[in-house]
K.L.:
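Quick one: this structure, given as structure tokens, is what I'll be asking you about.
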Amino acid sequence: MPEQKKLDDLFLDTLKDMYYAEKHIAKTLPKLAKAAQSAELKAGFEHHLEETENQIERLEQVFDLLGKPARGKTCDAILGLIEEGKSIMDEFKDTPALDAGLVSTAQAVEHYEIARYGTLKTWAQQLGMPEAVRLLDANLREEVATDKKLTQLAEMDANRQAA
Ligand code: FE
Ligand code: FE
Ligand code: FE
């Protein structure tokens, strides 16, 4: 029989996935802010960069709770989503649809993060780690709030274009 991997192994693995993803997102947000046409969207990306830096610190605290070094593990999902975002930035550069494309990219990223943090929080509960639950929930709430704000920005952008 192969070596039995358990929920705590899966938890650590997924934590590494998110650590990698958040670091990659922190590198990408300044590019999105630079590309954004509307001042509101630009400010939104800049604000989420600050939040992302705090999220990375919270993940480091979860690694600490596990007594493990904070290490990332390549997240192919986030690489793919950001690759798509880059194509949109190239293909819709200098067009009125650019911001809508940037918002759609950002929302795909937020939804991935929401899925992952929801799962990690549930596993932390099952593993009896209340402090990790608190930290992961703080990240989850910021991603949910960001997603809502992006929806509002998308609606504002659509109204502006329709005017
Ligand atoms: Fe995040
Ligand atoms: Fe991943
Ligand atoms: Fe996020």
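Throughout, residue positions are numbered sequentially from 1 according to the sequence presented. When a ligand or atom number is given, it counts from 1 through the structure's own listing order.
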K.L.:
Kindly check if the number of other-residue, nucleotide or ligand heavy atoms within 6.0 Å of OH (Tyr20) is above 12?
P.N.:
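Yes, OH of Tyr20 has more than 12 neighbouring heavy atoms, counting only those of other groups under 6.0 Å.
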K.L.:
Atom CD1 in Ile25, atom CD1 in Ile82: separation rounded to 0.5 Å?
P.N.:
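Rounded to the nearest 0.5 Å, the CD1-CD1 separation comes to 6.0 Å.
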K.L.:
Any sub-3.5 Å donor-acceptor pair from Asp8's side-chain atoms to Leu127's backbone N or O?
P.N.:
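Looks like no, no N/O pair under 3.5 Å.
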K.L.:
Looking at the Fe ion (ligand 1), is there an N, O or S atom belonging to Glu51 that lies under 2.8 Å away from it?
P.N.:
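Of the N, O and S atoms in Glu51, none lies under 2.8 Å from the Fe ion (ligand 1), which means no.
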K.L.:
Can you tell which of Glu143, Glu142, Glu53 makes a side-chain hydrogen bond (donor to acceptor under 3.5 Å, both in side chains) with His48?
P.N.:
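It is Glu143; the other options fail the test.
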K.L.:
Please find out if the Fe ion (ligand 1) and some N, O or S atom of Gln55 are separated by less than 2.8 Å.
P.N.:
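Yes, since at least one N, O or S atom of Gln55 sits under 2.8 Å from the Fe ion (ligand 1).
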K.L.:
To the nearest 0.5 Å, what is the distance between OG1 on Thr95 and CD1 on Ile88?
P.N.:
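Rounded to the nearest 0.5 Å, the OG1-CD1 separation comes to 10.5 Å.
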K.L.:
Only N/O/S atoms count here: what is the atom of Glu143 closest to the Fe ion (ligand 1) called?
P.N.:
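In Glu143, the heteroatom (N, O or S) nearest the Fe ion (ligand 1) is OE2.
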K.L.:
I'd like the atom name of the N/O/S atom in Glu113 lying closest to the Fe ion (ligand 1).
P.N.:
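Atom name of the closest N, O or S in Glu113: OE2.
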K.L.:
For the Fe ion (ligand 2), decide whether Tyr112 has an N, O or S atom at a distance under 2.8 Å.
P.N.:
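It does: Tyr112 brings an N, O or S atom closer than 2.8 Å to the Fe ion (ligand 2).
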K.L.:
Can you tell me if, anywhere in Glu110, an N/O/S atom lies at a distance from the Fe ion (ligand 3) that is smaller than 2.8 Å?
P.N.:
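A backbone or side-chain N, O or S atom of Glu110 is under 2.8 Å from the Fe ion (ligand 3).
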K.L.:
Which value, rounded to the nearest 0.5 Å, describes the distance between Leu59 atom CG and Met18 atom CE?
P.N.:
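Reported to 0.5 Å precision, the distance equals 6.5 Å.
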K.L.:
Examine all N, O or S atoms of Asp76, backbone included, and report whether one is under 2.8 Å from the Fe ion (ligand 2).
P.N.:
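Here the distance criterion (N, O or S atom, under 2.8 Å) is not met by Asp76, so no.
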K.L.:
Round to 10° and report the angle made at the Fe ion (ligand 2) by SG of Cys75 and OD1 of Asp17.
P.N.:
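So the angle at the metal works out to 100°.
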